[in-house]
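Below is one structure, written out as structure tokens; the observations come after it.
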Amino acid sequence: MRNINERYVTETYADDGQLATFEVHCEPSFNFAYDVVDDIAENDPERRAMIWVNPEGEQHTFTFADMKRWSDKTANYLAGLGIGRGDFVMVILRRHYQFWFVALALAKLGAVMVPATFMLKEHDLEYRLNGADIKAVIATDAGDIAQVMDNVAEQAPTVAARILVASGGGGLTPRDEQGRLMVPEGTLVGEALSGEQGICVLAANRPGWHDFNTGVRAASEGFARRETLAADPMLMYFSSGTSGNPKMVLHDSLYALGHLITAKHWHNVRPDGVHFTIADTGWGKAVWGKFYGQWLMEACVFTYDFDRFHPSEILGLIGEHRITTLCCPPTMYRLMMNEGIDGYDLSSLEYSTTAGEALNPDLFEYWRDHTGLTIYEGFGQTETPLTIGNLTGSTPRAGSMGKPVPLYDVALLREDGTPCAPGQRGEICINIDPHPAGIMMGYYRNPEKTAAAMHDGWYHTGDTAWEDEDGYYWFVGRNDDVIKSSGYRIGPFEIESVLLEHSAVRECAVTGVPDPERGAVVKATVVLAEGAEGTDELTRELQAWVKQQTAPYKYPRIIEYVEKLPRTVNGKVRRVAIREKDENEPVEIAEGLV
């Protein structure tokens, strides 16, 4: 073990053992691929970097030496296609192990990685390709994203190279009634690809596309370090806003170091453990939990290259691969709760965390009662690493995001920029004077939105919370989602949490509907649990339930039952879509309870 993280952090602890201060620093030439991954590869080559499996039965254990070798080959291959420093490269690779080769290779070349989801359609993809002048696209052959790319190729003139990765199934291989893989005879898939000789062995053959696997296998292993700077753009994500076109969130290499606090003091990863963050590589959460911080801690990450989430599979993998630390969104914890976890071997699990959505108290209590483990909630954005969290050694409060992490100066501010008193709701803001490690450089090619979010020495997150007397933060909602009714400010999460505790509710979203008397009234859009019926009687029952559990003025005067909720491409509920629908199709306000 190299204790590499100690090169880049200065930290102190309080008398009770909790983290008190945390500062990161690096040389101007810092590069995560060279200075972290290659360093471990050269000095501790057999240390495990990743255990990778897929539903087809393929399995690989990659050491850091493997990661250096394959990323060097990938860098040579991509350089041969004309990709170099400052080029923007879109990467759509699901959870394929090739993502890690590509991410490291692009860092070594000084190119900017632009991860994206495989769920994009033509309009989404065309906007992204042209918005960032994408030079190359590296995509999976699993699913239809390559066809989507072909459909917009003529409208994306900056794309000089399309590079296709043969996926080996990617969890999409059909099975018969006995669970056997249904693949043509002689096709390599599953266990036949396991082991060193199966890495990048499959060829991809599609007109207009380069074959990634074949090209990388043939590429040289020798790659000399190239000049890059920590201040260079390194990574860019398209944000998952609830309205308007996605913003392009640009990060430099200090973003990688910002995730030291994510992995070390929130995920609680350790060098001899195995960390599992359940996230597709198209989302920022993947590098939160499957890349930067974990490898800075010299820990092994676990990756399951699946297509659809099945809680029984995930619960089985935890025991089979002796996962020690787990992070997934509350939705997945809820699905595991509905599955029932008592029959699964979770004895290896030592620590649990969650982010991405607010954690409902019922989940918090269930997980603790059935595993003995507390779920440590955290908060951050595409624009940031972890900024608020229940860190190791803290005592979480059910439903609270925790406290600001020592890496950042966080405050709740009113609209006039003055700080809120305990109990008052305000916008979560982060001091950026001086600019701290991990906070975005800005919104690429959008100075107006950058200035709107980063001004007067603060980064304005757009998220609202309140702070209790002990310094714990409690999430309220996005600024645009807060409902102003009869002089009250009502956060949707508060009502959603209560509704989700009712046995008839599987999912819900709370929004405001304009009302001439009250300004707005509360509406709940509900997806029912199996067996429940959306009757007037149930509506009255749910309204009474909310009134009994929280302040009566918050109860939903309107309840609509739907088959599914509108979501962004990364799965977050689009309350704005519900509001827009209600504006175009006015709903009648049925008072229900008085």
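Interatomic distance, R2 CZ to I40 CD1, rounded to the nearest 0.5 Å: 8.5 Å. The CE atom of M248 sits 5.5 Å away from the CE atom of M236 when rounded to the nearest 0.5 Å. To the nearest 0.5 Å, atom CG of residue N130 and atom OG1 of residue T158 are 6.0 Å apart. Separation of atoms CD1 (I278) and CZ (F302) is listed at 9.5 Å; rounding is to 0.5 Å. To the nearest 0.5 angstrom, T384 atom OG1 is 7.0 Å from Y255 atom OH. Atoms CG and CZ, from D305 and F99 in turn, are 12.0 Å apart once rounded to the nearest 0.5 Å.
A heavy-atom distance below 4.5 Å is found between the side chains of M67 and W295. Using a 4.5 Å heavy-atom threshold, the side chains of L257 and F32 count as separate. Side-chain contact between H435 and M454 is present, with at least one heavy-atom pair separated by less than 4.5 Å. The shortest distance between side-chain heavy atoms of M441 and P233 falls below 4.5 Å. Under the 4.5 Å side-chain criterion, counting only non-hydrogen atoms from C-beta, V9 is in contact with F22. The shortest side-chain heavy-atom distance between R225 and N31 falls under the 4.5 Å cut-off. Looking at V137 and L129, their side chains come closer than 4.5 Å, going by heavy atoms from C-beta outward. For the pair M332/I314, no side-chain contact is recorded, criterion being any heavy-atom separation below 4.5 Å from C-beta on.
A33 approaches A107 most closely through the heavy-atom pair CB-CB, 3.9 Å. When all heavy atoms of L413 and C420 are compared, the pair lying nearest together is C-SG, 3.9 Å. Residue V410 comes nearest to T387 through the heavy atom pair CG2-O, 4.1 Å, listed as atom of the first residue, atom of the second, then distance.
A side chain to side chain contact (heavy atoms under 4.5 Å, CB included) with Y376 holds for exactly one of T354, T392, T353; it is T353.
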Assess whether salt bridge (Lys or Arg N to Asp or Glu O under 4.0 Å) is satisfied between D468 and R397, documenting all intermediate values.
CA-CA 11 Å; D468 66 22; R397 295 181 178 178; 3.0 Å; yes
Report the C-alpha separation of V114 and I134 in whole Å, then their side-chain angles, then the decisive distance to 0.1 Å, and conclude whether the side-chain contact (heavy atoms from CB on, under 4.5 Å) test is met.
CA-CA 9 Å; V114 186; I134 298 295; 4.0 Å; yes
Please step through side-chain contact (heavy atoms from CB on, under 4.5 Å) for the pair S29 and Y34, ending with a clear verdict.
CA-CA 10 Å; S29 62; Y34 295 127; over 6 Å; no
Residue pair V91, L106: steps toward the side-chain contact (heavy atoms from CB on, under 4.5 Å) verdict:
CA-CA 10 Å; V91 180; L106 292 176; 4.0 Å; yes
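Checked for salt-bridge contact, K108 and D38 meet the test: a charged N lies under 4.0 Å from a carboxylate O. Salt-bridge formation is not detected for the pair D280/R94: no Lys NZ or Arg NE/NH1/NH2 atom is positioned less than 4.0 Å from an Asp or Glu carboxylate oxygen.
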Would you be so kind as to tabulate the donor-acceptor pairs closer than 3.5 Å made by side chains of residues 268-275, with sequence neighbours excluded?
residue	atom	partner	partner atom	Å
R270	NE	E350	OE1	3.1
R270	NH1	D272	OD1	2.4
R270	NH1	D272	OD2	3.0
R270	NH2	E350	OE1	3.0
R270	NH2	E350	OE2	2.5
H275	ND1	T325	O	3.4
H275	ND1	T325	OG1	2.7
H275	NE2	T277	OG1	2.7

Could you tabulate the donor-acceptor pairs under 3.5 Å formed by side-chain atoms of residues 398-408, not counting sequence neighbours?
residue	atom	partner	partner atom	Å
S400	OG	G402	N	3.0
S400	OG	Y473	O	2.8
K403	NZ	D470	O	3.3
Y408	OH	A437	O	2.6

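Ring centers of F62 and F101: under 6.0 Å apart, within the cut-off.
For the residue pair K247 / N446, no side-chain donor-acceptor distance below 3.5 Å is found, with atom types taken as modelled. Residues Y443 and E383 bring a donor and an acceptor atom of their side chains to less than 3.5 Å of each other.
With sequence neighbours excluded, the residues that form a side-chain contact (heavy atoms from CB on, under 4.5 Å) with R322 are D345, S347, S348.
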